[in-house]
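One-based numbering along the sequence shown. Counting starts at 1 for both ligands and their atoms, following the listed order. Since this is a predicted model, take the numbers as computed values, not measurements. These values consider heavy atoms only, across backbone and side chains, with no hydrogens, waters or symmetry-generated copies.
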Amino acid sequence: MKVTIDQDGCIECGACAEACSEVFSAGDGEKASIVETYRTDSPAVGDVPDNLVDCAEAGVSSCPVQVISTG
Ligand code: SF4
């Protein structure tokens with residue numbers, strides 16, 4: 001599953017990484033990114049394996065400003 005973070009809209013709250021650290025990385029003062037293992041085009045875009053789809057979806061749902069999309 002493809003996951004994309006609109007980093008311009010990220011408010012650096014860290015919720016996605018808290019919900020699913022296997023897929024998302026977000027620290028103090030940093031825009032959220034996809035962990036290196038699953039990155040594709042850029043730190044904001046990744047391809048998540050089937051066994052982590054539920055985890056990634058939890059991260060998507062946790063985002064208060066809804067800047068993470070899947071497809
Ligand atoms: S949950 Fe959304 S706003 Fe918060 S760090 Fe992740 S992408 Fe950014």
Visitor: For atom 6 (Fe) of ligand 1, decide whether C13 has an N, O or S atom at a distance under 2.8 Å.
Guide: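 Within the cut-off used here (under 2.8 Å), C13 places no N, O or S atom near atom 6 (Fe) of ligand 1.
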
Visitor: Is it the case that one hydrophobic cluster holds both Y38 and V45, taking links as side-chain heavy atoms less than 4.5 Å apart, direct or via other members?
Guide: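 The answer is no; the residues belong to distinct hydrophobic clusters.
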
Visitor: Distance-only, no hydrogens or angles: does the R39 side chain make a donor-acceptor pair with backbone N or O of G46 under 3.5 Å?
Guide: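 A pair under 3.5 Å: no.
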
Visitor: With a 6.0 Å cut-off (strictly less than), is the heavy-atom count around CG of N51, excluding the residue itself, greater than 12?
Guide: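 Enclosed.
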
Visitor: Numbering the atoms of ligand 1 from 1, which are under 4.0 Å from a heavy atom of A32?
Guide: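 Close to A32: 5 (S), 6 (Fe), 7 (S), 8 (Fe).
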
Visitor: Nearest 0.5 Å please: distance from the CD1 atom of I68 over to the OG1 atom of T4.
Guide: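 OG1 of T4 is found 10.0 Å from CD1 of I68.
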
Visitor: Counting non-hydrogen protein atoms only, what is the nearest one to atom 3 (S) of ligand 1? Give residue, atom name and distance.
Guide: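 Checking every protein heavy atom, the shortest distance to atom 3 (S) of ligand 1 gives I11 N, 3.4 Å.
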
Visitor: If you have a sec, work out which protein heavy atom is nearest atom 8 (Fe) of ligand 1 and how many Å separate them, to one decimal?
Guide: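 Nearest neighbour among protein heavy atoms for atom 8 (Fe) of ligand 1, to 0.1 Å: C10 SG, 2.3 Å.
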
Visitor: Give me the nearest non-hydrogen protein atom to atom 5 (S) of ligand 1 as residue plus atom name, then the distance to 0.1 Å.
Guide: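 The answer is G14 N, 3.2 Å.
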
Visitor: Keeping the roles fixed (side chain from Q7, backbone from A32), state whether a donor-acceptor pair exists under 3.5 Å.
Guide: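 Looks like yes, one N/O pair under 3.5 Å.
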
Visitor: Decide, counting backbone as well as side-chain atoms, whether C16 has an N, O or S atom less than 2.8 Å from atom 8 (Fe) of ligand 1.
Guide: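 Under 2.8 Å: C16 has no N, O or S contact with atom 8 (Fe) of ligand 1.
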
Visitor: Nearest protein heavy atom to atom 2 (Fe) of ligand 1, by residue and atom, and its distance?
Guide: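 Scanning the protein heavy atoms, the shortest distance from atom 2 (Fe) of ligand 1 goes to C63 SG, 2.3 Å.
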
Visitor: With heavy atoms of V67 as the reference, note each atom of ligand 1 found under 4.0 Å away.
Guide: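 Once the distances to V67 are compared, the set is 2 (Fe), 7 (S).
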
Visitor: Should you measure from each heavy atom of V65, which atoms of ligand 1 turn up under 4.0 Å away?
Guide: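 Going through ligand 1 atom by atom, the ones under 4.0 Å from V65 are 3 (S).
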
Visitor: Report yes or no: does K31 contribute a side-chain atom to a donor-acceptor pair with the main-chain N or O of C10 at less than 3.5 Å?
Guide: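 The answer is yes, because a donor-acceptor pair under 3.5 Å joins these two groups.
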
Visitor: Hey, mind stepping through C63 and C13 against disulfide (SG to SG under 2.5 Å) and telling me if it holds?
Guide: CA-CA 8 Å; C63 181; C13 72; 6.0 Å; no

